[in-house]
Structure formats: C-alpha cells, structure tokens
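This report concerns only the one structure given below.
Below, all heavy atoms of this structure are taken into account, side chains as well, without hydrogens, waters or symmetry copies.
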Amino acid sequence: MIYLRPRMAVVEQTARMIAHRPAGQCSRHIPRDNAPKAATMSIGKKIAHRAEAMKGGAKKTTGRATGSRRLQAEGRGDQVKGNLKQAGQKIKDAFKH
C-alpha cells in the first residue's frame, strides 16, 4: 500500500526544515541524522595506488626509451593495476554513502 501525503503537508514540512537549518547550509543537503559518515578511501591507500600507477608509467617510459619491450610491458601492467585499484576503491566508497 502506498501512502501519499497531501501536497501542502510536504511543502509545510520542507519550509520548517529550511527555517531550522544552520546558516550557510544548502537546502538540498539537509542532514538526515547526526551520525558520522563512514570514512572514505584512506589517504594511505590512495597514495599507494597512485604511486603504483606512477611507477608503472615511469617503467613504461623507461622501456620505451631503452627499447626494452619487457620493461615496457611490466610498466603497462603496473600502471593498469594501480588504476584498477583506484577505481575499485572509488566504487566501494560510492556504495558506502
């Protein structure tokens, strides 16, 4: 069963919420509760994943400069692995909220 409130009740409730919010707070971001939010991706992991991607890029560039296909392939692998870890962590953070 779906319960629909009259339109005026919703408008009055919204007006009350806006009137009681602290100054500087956007009306679209009215907090639902005072519980602390879950911590997002830790800064240590963020740095480690970024460093891994950068290390891969450096290896890839070095491989190109020296003509070493093995080093170039290793670098691409490390770079992709670091980027995938970053993307996975961002997706995990998105579902926490």
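- Partner Lys59 forms a side-chain hydrogen bond (donor to acceptor under 3.5 Å, both in side chains) with one of Gln79, Glu74, Gln72 and no other, that one being Glu74.
- Taking NZ from Lys55 and NZ from Lys81, the interatomic distance works out to 7.0 Å, rounded to the nearest 0.5 Å.
- Looking at every heavy atom in both residues, Ser68 comes nearest to Leu71 through OG-N, 3.2 Å.
- Screening Lys46, Lys45, Lys85 against Glu52 for a salt bridge (charged side-chain N to carboxylate O under 4.0 Å, His left out) leaves a single residue, Lys85.
- The line from NE2 of His49 to CG of Asn83 is 11.0 Å long, rounded to the nearest 0.5 Å.
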